[in-house]
Chemist: 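Before anything else, here's the structure in question.
Order of the sequence lines fixes the chain letters, A, B, ..., with proteins taken first and strands second; residue numbering starts at 1 for each chain.
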Amino acid sequence: MRWSRYYLYTTREVPNDAEVISHQLMVRAGLIKKVAAGIYTYLPFGWRSLAKLMAIVRRELDAISAAELTMPAIQPAELWQESGRWQRYGKELLRIKDRHERDFVFGPTHEEVITDIVRRDVKSYRQLPISLYQIQTKFRDEIRPRFGLMRGREFIMKDAYSFHASPESLDVTYDDMRRAYCKIFEACQLDYTVVEADTGSIGGSASHEFMVVAETGESAVVRCPKCGYAANVEKAQMRKLDAEAAIPKSTERKKVPTPGKSSVEDVAAFLRVAPRQVVKTLIYDTEKGLVAVVVRGDREINEVKLLNHLDVEHLALASEEKVREATGAAVGFAGPVGLSAGVRLIGDETVRGLADFVVGANEGDAHYTGVNWGTDVDLTEWADLLLVSGGDPCPRCDGTLEIFRGIEVGHIFKLGTKYSKAMACNYTDESGGDHPMIMGCYGLGIGRTVAAAIEQNHDKDGIIWPRPLAPFEVLLAGLNPDDPEVSRVTEELYAELRGQGVEVLYDDRDERPGVKFKDADLIGIPVRLVIGAKSLKDGKVEVSLRRDREKLLVPPGDAVGRVLELLAKA
RNA sequence: CGGGACGUGGCGCAGUCUGGUAGCGUACCUGAAUGGGGUUCAGGGGGUCCCGGGUUCAAAUCCCGGCGUCCCGACCA
């Protein structure tokens, strides 16, 4: 491709609405252009990279006998009413009406449509298992789109669905998918981790996320370097410490004034105890009423665990008024002793072994000291509600968990029969009985993966494409277009590279060398071949890798061979 | 949805407080020189100052209402 005829325009300025580096570089290097918040055009240069990733995805999914199809983006509301998600799915679901005022949605995901298709075609256990996938534009009306393609409202996703007659069959496909995902992300040369994940609103029994390690990632993940345990913090557990248990009761409960001390730190400092001796009580508002959760003062509640434990749809810290209603005191003085009767009380496992601790007194400016389970509070509901953090003990071995941030580029679920039951997607078994099919679903963010690759592969001057995702493999630049010898050699090399099947972008623009070098660094094509009058006088052209920019001077006749060698290394 | 900020040639910004000729950089067009890290000089085109209403002799600037965008918290590929 000759750059002079190509649609690729770079900018020197950083766009004022781009915060993270991958977003800035994708705009500056002419990959994407914003149309509205969270909605982007994929420009030709960016689309080439997405297309490469999609080809890798297709290759690996076809290899595990998944069949590609394409479902409609616009889906009738009836299917969503049938699955129950018309009511449950929140405002992220874009609902639209046609000219007859009939309800439709722009699909944020396709469980309903795929289940509807399969239930009509597949009747027998002999037809199972089945795996289907598509690569398609989705729309989720996110409250806050951000970071360019990392969290768009409209985005391209690969979504796959599998159908089975037994849990064992699902296990096999799930493992196939997991391995295929690993191959895909390895093919993209990404530094990623597979982590255990919460199943969230999609539901199901098991789930793993594929996290690309990056500072700007929106998810927090813990990993044990010793045994390899890795989990999203939403899901992560820690080992219970025996030492925390069975501290004997030694004091009587006593109410003490704590004027103006509402935070754990303040109360602990004021009473001269460690924050971990303070038990904090958080009042949550849910559709099932108010819930009080007690947790060790130095720790945080994992709201996802709480949501799952309570089996509720909505969960939020209660308002000032609701807290008053439940405790009779201002926020900061709630405690489990003498809580309003209608409030459900749940204890996190971490406070179970505590004795002689401090709690809020449910009245302004006062706390209790010397509080103990049993004698002072009758608490019967215990659960693991802890938000795990770095430094906590691994739940699987005696190692210590590390915490890092990641970009969720893929997510696989064992769905079970949630959708097949709701939508009567059944098969007939050997003995003629009907059963709902067991399902799995598997998502992979196409644009997000490319953004993550840039997030992980760049320097101060621009993108450094991993070769498998690079829009072009080689950048060819002639520096002195007026020099007939330069242009002759450059044209010859261009023809030769193309003859070898190399994807080459030929910078034939009438620009000064400085501009060409700066643009080359910015757009980050892995291998660079430069022809300039100076080195050509010595019978040499330059070959270099974008990553280290180490120049190799070779005769023009050897150039293509050296380019191919470097490509193999890129 | 709560909290904060912003909206001025394509892009990045100044001007708004204190109302009075719409400006700078860059990009673009023409010409010349230059030709190994965003070169230089000369000339030129391009604006509903987000939208609507109000105050005023006069509004980018003040007032009211809307819209859009970005950032920080609850969702997800």
Chemist: Which one is paired to B/G36, where only Watson-Crick or G-U wobble pairs with both distances under 3.5 angstrom count?
Modeler: none
Chemist: Tell me the salt bridge (Lys or Arg N to Asp or Glu O under 4.0 Å) pairs involving residues 526-543 of chain A, sequence neighbours left out?
Modeler: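 Of all non-adjacent pairs touching residues 526-543 of chain A, those that pass salt bridge (Lys or Arg N to Asp or Glu O under 4.0 Å) are A/Asp521-A/Arg528.
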Chemist: What do the steps show when you test A/Thr449 against A/Leu190 for side-chain contact (heavy atoms from CB on, under 4.5 Å), and what is the final call?
Modeler: CA-CA 9 Å; A/Thr449 299; A/Leu190 289 168; 3.8 Å; yes
Chemist: Pick out which of A/His411, A/Glu186, A/Lys158 makes a side-chain hydrogen bond (donor to acceptor under 3.5 Å, both in side chains) with A/Tyr181.
Modeler: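 With A/Tyr181 as partner, side-chain hydrogen bond (donor to acceptor under 3.5 Å, both in side chains) holds for just one option, A/Lys158.
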Chemist: Could you identify the nucleotide paired to B/G12, looking across every strand shown and requiring Watson-Crick or G-U wobble geometry with both distances under 3.5 Å?
Modeler: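 Its partner is B/C24 (Watson-Crick or G-U wobble, both distances under 3.5 Å).
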Chemist: Specify whether A/His208 and A/Tyr174 have parallel, tilted or perpendicular ring planes, treating 30° as the upper limit for parallel and 60° as the lower limit for perpendicular.
Modeler: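 It falls in the tilted class, 30° to 60°.
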Chemist: Could you give the CD-to-C1' distance, from A/Glu485 to B/G36, as a whole number of Å?
Modeler: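 Rounded to whole Å, this separation is 18 Å.
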Chemist: When rounded to the nearest Å, what value does the distance between C1' atoms of B/G68 and B/U21 take?
Modeler: 31 Å
Chemist: Quickly work out the A/Ile32 CD1 to B/C11 C1' distance and round it to whole Å.
Modeler: 15 Å
Chemist: Between B/A22 and B/U30, how many Å separate the two P atoms, rounded to a whole number?
Modeler: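 Comparing P positions in B/A22 and B/U30 gives a spacing of 29 Å.
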Chemist: Relative to the 5' end of RNA chain B, which residue comes earlier, A/Asp510 or A/Leu149, by the nucleotide with the nearest heavy atom?
Modeler: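 It is A/Asp510, whose closest nucleotide lies nearer the 5' terminus.
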Chemist: Between atom CG in A/Asp285 and atom C1' in B/A74, what is the gap in whole Å?
Modeler: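 It is 14 Å, rounded to the nearest whole Å.
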Chemist: Is the gap between the ring centers of A/Phe472 and A/Tyr6 under 6.0 Å?
Modeler: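 Yes - the distance between ring centres of A/Phe472 and A/Tyr6 falls below the 6.0 Å cut-off.
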Chemist: What interatomic distance, in whole Å, is found between C1' of B/G7 and the corresponding atom of B/G15?
Modeler: 15 Å
Chemist: Does B/C67 have a Watson-Crick or wobble mate here (both distances under 3.5 Å), and if so which one?
Modeler: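 Across all strands, the one nucleotide that pairs with B/C67 is B/G7.
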Chemist: Please name the nucleotide paired to B/C41 by Watson-Crick or G-U wobble geometry with both distances under 3.5 Å, or report none.
Modeler: B/G31
Chemist: Less than 6.0 angstrom separating the ring centers of A/Trp3 and A/Tyr506, yes or no?
Modeler: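 When the ring centroids of A/Trp3 and A/Tyr506 are compared, they turn out to be at least 6.0 Å apart.
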Chemist: Using the P atom in both, what is the distance from B/G44 to B/C49, to the nearest Å?
Modeler: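 The answer is 24 Å between these two P atoms.
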Chemist: To the side chain of A/Glu142, which of B/G36, B/G38, B/C75 is closest?
Modeler: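 Nucleotide nearest to A/Glu142's side chain: B/C75.
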Chemist: Rounded to whole Å, please give me the gap between CZ in A/Arg512 and P in B/G36.
Modeler: 7 Å
Chemist: Considering Watson-Crick and G-U wobble pairs with both distances under 3.5 Å, what does B/G19 pair with?
Modeler: none
Chemist: Among residues 3-13 of chain A, which residues get a heavy atom nearer than 4.0 Å to RNA chain B?
Modeler: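 When residues 3-13 of chain A is checked for heavy atoms under 4.0 Å from RNA chain B, the hits, listed by number, are A/Arg12, A/Glu13.
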Chemist: Partner of B/U61 by Watson-Crick or G-U wobble geometry, both contacts under 3.5 Å, or none?
Modeler: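 Across any shown strand, B/U61 pairs with none.
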Chemist: Could you walk me through whether A/Glu209 and A/Val409 pass the side-chain contact (heavy atoms from CB on, under 4.5 Å) check?
Modeler: CA-CA 8 Å; A/Glu209 288 169 333; A/Val409 291; over 6 Å; no
Chemist: Return whichever of A/Gly532 or A/Glu408 has its heavy-atom-nearest nucleotide of RNA chain B closer to the 5' end.
Modeler: A/Gly532
Chemist: Please tabulate, one pair per line, each protein N/O and nucleotide N/O from nucleotides 66-73 of chain B that are separated by under 3.5 Å, including the distance.
Modeler:
from: B/U69; atom 1: OP1; to: A/Ala37; atom 2: N; distance (Å): 3.1
from: B/U69; atom 1: O3'; to: A/Lys34; atom 2: NZ; distance (Å): 3.0
from: B/C72; atom 1: OP2; to: A/Arg144; atom 2: NH1; distance (Å): 3.1
from: B/C72; atom 1: OP2; to: A/Arg144; atom 2: NH2; distance (Å): 2.4
from: B/C72; atom 1: OP2; to: A/Arg146; atom 2: NH1; distance (Å): 3.1

Chemist: For A/Leu415 and B/A77, what is the distance between atoms CG and P respectively, to the nearest whole Å?
Modeler: 11 Å
Chemist: Roughly how many Å apart are B/G9 and B/G52, using the C1' atom of each and rounding to a whole number?
Modeler: 23 Å
Chemist: Can you check the distance between B/C64 and B/G4, where both ends of the measurement are the P atom (answer in whole Å)?
Modeler: 16 Å
Chemist: Can you tell me which residue among A/Asp507, A/Ile531, A/Leu505, A/Val541 is in a side-chain contact (heavy atoms from CB on, under 4.5 Å) with A/Leu476?
Modeler: A/Ile531
Chemist: Is the positively charged end of A/Arg88 above the ring of A/Trp80, judged by distance under 6.0 angstrom from the centroid and angle within 45° of the axis?
Modeler: no
Chemist: Give the intermediate values and the outcome of side-chain contact (heavy atoms from CB on, under 4.5 Å) for residues A/Leu307 and A/Asp198.
Modeler: CA-CA 11 Å; A/Leu307 198 83; A/Asp198 182 70; over 6 Å; no
